Amino acid sequence: MSDNESSHPKNRYSFAGKLRPLAGIGVALGLVVAGYAWAGGFLAPGHLSQTLIVDTFQDINGVHPGFRRNHAKGVCMTGWFDSNGNGSRLSRAQIFQPGRFPVYGRFALAGGMPMATDTPASIRSLAVNFSTPNGEDWRIGTLDLPVFPFQDPQAFAAQLRTTLPDPATGKPDQARIDAFFAGNPASAKAIGIIKSRPFSSGFANASYNGLNAFLAIDDKNVATPVRWSLVAADPFEAETTPPNDPNYLFDTLIARVQEAPVEWRLVLTVGEPEDATDDATIPWPAERTRIDTGTLTVNAIEPEAPGNCRDINFDPLVLPDGIEASDDPLLSARSATYSVSFTRRAGEHKNPSEIELGTTRPAKGP
Amino acid sequence: MPETFPLLWRLLHWLMAAMILAMLAIGISMVASLSNYHALVNVHRPLGILILVLVAIRLLIRIFSKSPPLPRHMPRHLRFAAHASHWILYGLLFALPLVGWAMLSAAGYPIVLYGPLHLPAILPHSDQLYALLRPLHTALAFALFAVFLAHFGAALAHRFIFRDGVFESMAIGSRRKDR
């Protein structure tokens with residue numbers, strides 16, 4: 001190639017006879033493309049990803065356009081949070097300073113069927129967005145369960161796949177379900193804890209738990225592991241025979257909120273060094289310090305509609321400064337998977353929610 | 001032989017090259033990773049905004065200072081490709097962070113940079129807008145990757161085939177003397 005330098009400058013720009021450097025450039029570009037393909041998981045099709053988990057929900061429940069792929073049946077709420085300042089001992093987040101802060105959120109049933117029938121054993125969820133004057137948002141997702149049945153996204157997805165209908169019978173294969181729990185003793189134990197407690201009769205008298213551990217960060221940057229709970233002010237009432245209404249859980253909630261605002265205490269349970277932060281299947285000991293940080297009040301229920309809780313992703317890692325994710329592997333996986341579900345439903349034509357009973361009158365303004 | 005770009009400009013070029021390549025890698029891996037999603041998204045947002053700031057500075061330098069001219073004998077179609085690809089690069093480097101910022105705004109997410117530091121929403125909350133902008137962000141990212149490949153291939157061609165000093169004009173530590 002040395003003669004290239006001495007030839008006419010215009011000939012520099014011809015590719016004729018320059019096969020070797022051309023091939024070298026081709027290889028270099030190919031390596032770059034391969035590197036990015038590897039980073040994007042394209043070289044490992046079928047690896048457990050957020051897309052695969054959402055696809056599995058769709059395989060089980062079918063696609064219900066516009067609805068969440070899980071916790072599909074739900075209703076929006078608004079209200080406020082009265083912070084008593086106790087939480088500021090552990091976290092510098094503005095939400096724990098004394099004051100009243102607006103909230104909105106969503107009550108829902110676990111599961112991907114938007115028209116599911118309410119039953120006494122329906123797993124209920126409450127998602128809440130807390131807004132503070134400094135412009136921060138805090139989103140929590142809670143369930144009326146004492147522990148979460150799965151340690152990590154791998155176990156969650158493996159169990160989810162066992163609920164896929166068997167092509168031969170059209171029903172989930174009980175042998176596969178049993179095999180999953182035999183191979184995942186942590187999940188079996190958690191299910192035992194869940195089944196040992198009575199179900200409450202409704203949404204309003206249920207207490208909800210965040211289940212995953214987080215880190216509360218104070219103004220000296222000291223991190224304290226915490227789990228949070230919304231503890232019902234309404235007295236617990238165990239479920240009896242449900243009324244003959246497929247939406248009775250939601251209808252009872254709507255009637256209850258119309259009567260008077262419903263309250264929950266936001267309680268932080270403080271983890272000790274020996275308490276697992278990376279395993280939501282294990283309850284923390286009952287004697288752990290519990291800090292009552294204030295009262296969540298729900299004073300209005302409205303059906304899902306454009307711009308309200310329907311179009312919000314209650315990503316559990318939308319956190320204010322002063323709260324951080326723990327090492328629980330479920331947290332990043334939930335954040336990733338909710339995002340896929342949110343993106344899919346955002347672009348879909350919306351169908352009315354099963355819960356379409358008109359806006360309730362706010363019982364009492366903030 | 002063209003003269004070189006000023007040292008500060010060259011440093012900015014290579015700094016941004018590293019940031020953009022990291023950004024493309026973070027973007028493509030975070031959407032397929034359950035375990036690293038949160039950590040990667042937390043880097044993706046502030047890094048994208050930093051690139052937006054730096055590309056604005058680059059554009060001002062580009063407009064208000066004189067670039068070394070391309071070699072006199074460079075054919076017209078290659079000159080056109082060089083200029084067009086550079087302006088497409090500038091366009092994409094503005095569009096990607098702005099679309100990212102806009103799509104987070106439309107989704108109703110807080111746009112957290114670091115700790116308590118966050119940006120305001122630049123669009124109203126609208127799932128319809130989000131549904132348009134989210135796939136656009138991905139499409140623009142693939143376009144940027146394609147233009148990067150062309151840019152990288154062209155740089156190597158200037159260095160190993162054309163040997164016309166264009167690569168050296170942006171390189172750091174090449175044997176040619178700065179003028």
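Every heavy atom of this structure was used, including side-chain atoms; hydrogens, water molecules and symmetry mates were not. Just so it is clear, the structure is predicted and the values come from calculations on it, not from any experiment. Just so we're on the same page: letters track the sequence lines, and every chain starts at 1.
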Contacting moiety of A/V33, where chain B heavy atoms sit under 4.5 Å | both
At a heavy-atom separation under 4.5 Å, does A/P329 approach chain B through its side chain, its backbone, both, or neither?
-> neither
What are the residues of residues 34-56 of chain B, in order of number, with any heavy atom under 4.5 angstrom from a heavy atom of chain A?
-> B/L34, B/S35, B/N36, B/Y37, B/H38
Tell me the salt bridge (Lys or Arg N to Asp or Glu O under 4.0 Å) pairs involving residues 315-324 of chain A, sequence neighbours left out?
-> A/R92-A/D321
Of the non-hydrogen atoms in A/S49 and B/A32, which two are nearest, and what is the gap between them?
-> CB-O, 3.9 Å
Ignoring hydrogens and angles, tell me if any N or O in the side chain of B/H125 forms a donor-acceptor pair with the backbone of A/D311 under 3.5 Å.
-> yes
Check: B/Q128 side chain, A/G347 main-chain N or O, donor-acceptor pair, under 3.5 Å = no
Side chain from CB out, backbone as N, CA, C, O: work out which of these in A/I53 comes under 4.5 Å of a heavy atom of chain B, or both, or neither.
-> side chain
Using non-hydrogen atoms and a 4.5 Å limit, figure out which bit of B/L149 sits close to chain A: side chain, backbone, both or neither.
-> both
Considering only heavy atoms, which portion of B/M74 lies under 4.5 Å from any heavy atom of chain A: side chain, backbone, both, or neither?
-> both
Relative to each other, are the rings of B/F145 and A/Y36 parallel, tilted or perpendicular (30° and 60° limits)?
-> tilted
Under 3.5 Å donor-acceptor, B/H118 side chain and A/N134 backbone | yes
Distance-minimising heavy-atom pair for A/A39 and B/A25 | CB-O, 4.5 Å
Can you tell which part of B/L117 gets under 4.5 Å to a heavy atom of chain A, answering side chain, backbone, both or neither?
-> neither
Give a yes or no on whether the ring-centroid distance for A/F15 and B/F162 is below 6.0 angstrom.
-> yes
Looking at B/P116, B/P135, B/P120, which makes the most heavy-atom pairs under 4.5 Å with chain A?
-> B/P116
Applying a strict 4.5 Å limit to non-hydrogen atoms, the region of A/A44 in contact with chain B is neither
Pairs in or reaching into residues 114-135 of chain B: which pass salt bridge (Lys or Arg N to Asp or Glu O under 4.0 Å), with residues at least two apart or in two chains?
-> A/R310-B/D127, A/K350-B/D127
Nearest heavy atoms of B/A107 and A/F342, plus distance in Å = CB-CE2, 3.6 Å
Taking atom CG of A/L43 as the centre, does the number of heavy atoms from other residues, nucleotides or ligands within less than 6.0 Å exceed 12?
-> yes
Sort out for me which of A/G41, A/G135, A/P320 touches chain B most, counting heavy-atom pairs under 4.5 Å.
-> A/G135
Bottom line for B/L21: the part with an atom under 4.5 Å from chain A's heavy atoms is both
Going through the distances and angles, do A/R12 and B/R163 end up as a side-chain contact (heavy atoms from CB on, under 4.5 Å)?
-> CA-CA 7 Å; A/R12 290 171 182 278; B/R163 298 175 182 234; 4.1 Å; yes
For residues 53-79 of chain B, pull every pair meeting salt bridge (Lys or Arg N to Asp or Glu O under 4.0 Å), keeping only residues two or more places apart or in separate chains.
-> none
Side chain A/E136, main chain B/P110, donor-acceptor under 3.5 Å | no
Chain B heavy atoms under 4.5 Å from A/L48: which part of the residue, side chain, backbone, both or neither?
-> both
More than 12 heavy atoms from other groups under 6.0 Å of CG on B/L60 | yes
How long is the gap from OG on A/S339 to CE on B/M30, to the nearest 0.5 Å?
-> 8.0 Å
Answer yes if the side chains of A/Y13 and B/D164 hold a donor-acceptor pair under 3.5 Å, and no otherwise.
-> yes
Heavy atoms only: give me the nearest A/A28-B/L156 pair and the separation to one decimal.
-> CB-CD1, 3.9 Å
Output the distance between atom CZ (B/F152) and atom CD1 (A/I25), rounded to the nearest 0.5 Å.
-> 9.0 Å
Counting only heavy atoms closer than 4.5 Å, note whether B/S33 contacts chain A via side chain, backbone, both or neither.
-> backbone
Interface residue of largest heavy-atom contact number with chain A, from B/G27, B/G153, B/P124, B/S126, under 4.5 Å = B/G153
Select one option (side chain, backbone, both, neither) describing which atoms of B/Y109 are under 4.5 Å from chain A's heavy atoms.
-> both
